[in-house]
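Below: one structure, written as C-alpha cells.
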Amino acid sequence: VQLQASGGGLAQAGGSLRLSCTASDRASGRTISNNGVGWFRQAPGTEREFVAAISWRGGSTNYADSVKGRFTISRDNAKNTVYLQMDSLKPEDTAVYYCAVARHAMAASRLEYYHYWGRGTLVTVSS
C-alpha cells in the first residue's frame, strides 16, 4: 500500500491547514477501508509522536491532548482518503506530518500498531 500525504505548507499562528492522505495499491487493488489510519508528526530533533487516529468506519477517533479541540480527523473510504483538519494552529505544531495505516481496524495511538507509512508533508506555523 502506498500512502501519499499532501496539504502541508506555511500557515500563520491561528490559521488552518487541511492534510490529506490517499492510499493506493495498484498491484492488488487493496483499499484501506478495513483499517484504522493515524496521523503522526515529527519535529526536528524529536521523536515521532501521535497526533490523531480514526477507526475503519470513522466511528471512533483518538487525539493527542495537544491537539484536542483544534484538529479533526475524518475519512472518505470511497476515495480511500483520510483527512486532518488543523485549526487554531500554533508554532509548536510545526513538524513533518505522516499518515499511517494500522494493522487492525481501531484508532490506535501507538506507533508499533502501524505498518504502512507515507513520506510525510511539512507543516510550518509562523508566530
Side-chain angles (χ1 to χ4, degrees):
V1 175
Q2 290 79 46
L3 300 175
Q4 180 64 51
S6 61
L10 177 64
Q12 290 189 333
S16 299
L17 286 173
R18 188 195 196 201
L19 305 184
S20 298
C21 175
T22 300
S24 63
D25 189 338
R26 295 181 179 180
S28 68
R30 185 178 181 277
T31 70
I32 60 170
S33 58
N34 293 322
N35 299 81
V37 176
W39 284 96
F40 296 78
R41 67 187 182 187
Q42 188 169 16
T46 68
E47 299 285 327
R48 191 169 298 188
E49 65 175 8
F50 169 72
V51 176
I54 189 166
S55 61
W56 69 298
R57 284 187 175 180
S60 177
T61 56
N62 190 4
Y63 295 94
D65 288 343
S66 58
V67 306
K68 278 181 183 176
R70 301 188 298 119
F71 290 10
T72 303
I73 189 170
S74 61
R75 67 189 297 164
D76 184 340
N77 283 343
K79 296 181 179 180
N80 236 14
T81 300
V82 174
Y83 305 96
L84 184 68
Q85 177 66 41
M86 304 187 296
D87 298 319
S88 301
L89 283 164
K90 302 176 180 180
E92 51 263 44
D93 294 321
T94 295
V96 176
Y97 284 71
Y98 300 89
C99 61
V101 176
R103 302 175 192 275
H104 49 62
M106 309 306 290
S109 61
R110 296 171 65 91
L111 273 73
E112 56 263 39
Y113 291 152
Y114 291 83
H115 60 155
Y116 294 115
W117 291 83
R119 288 188 177 182
T121 184
L122 176 63
V123 171
T124 303
V125 183
S126 62
S127 57

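Considering CD of Glu92 and OG of Ser127, their distance stands at 10.0 Å, rounded to 0.5 Å.
In this structure, Leu17 is a member of the same hydrophobic cluster as Leu84, with clusters built from ILVMFWY side-chain heavy atoms closer than 4.5 Å.
Residues Met86 and Asp93 have side chains not in contact (no heavy-atom distance under 4.5 Å, counting atoms from C-beta outward). Using a 4.5 Å heavy-atom threshold, the side chains of Ser20 and Lys79 count as separate. Proximity of Tyr98 to Leu19: side-chain heavy atoms (C-beta onward) are nowhere separated by under 4.5 Å. Residues Tyr83 and Asp76 meet the side-chain proximity criterion, which asks for heavy atoms closer than 4.5 Å. Contact check for Asn35 versus Tyr116: no side-chain heavy atoms found under the 4.5 Å cut-off. Using a 4.5 Å heavy-atom cutoff, the side chains of Ser60 and Met106 are not in contact.
Note on residues 109-118: pairs passing salt bridge (Lys or Arg N to Asp or Glu O under 4.0 Å), not counting sequence neighbours, are Arg110-Glu112.
With sequence neighbours left out, Tyr113 forms a ring-ring contact (aromatic ring centres under 6.0 Å, His included) with His104. Qualifying ring-ring contact (aromatic ring centres under 6.0 Å, His included) partners for Tyr114, counting only residues two or more places apart in sequence or in other chains: Phe40.
Between the side chains of Thr81 and Thr22, at least one donor N or O sits under 3.5 Å from an acceptor N or O.
What you find for Gly36 and Arg75 is that their closest heavy atoms are CA-NH1, 4.2 Å.
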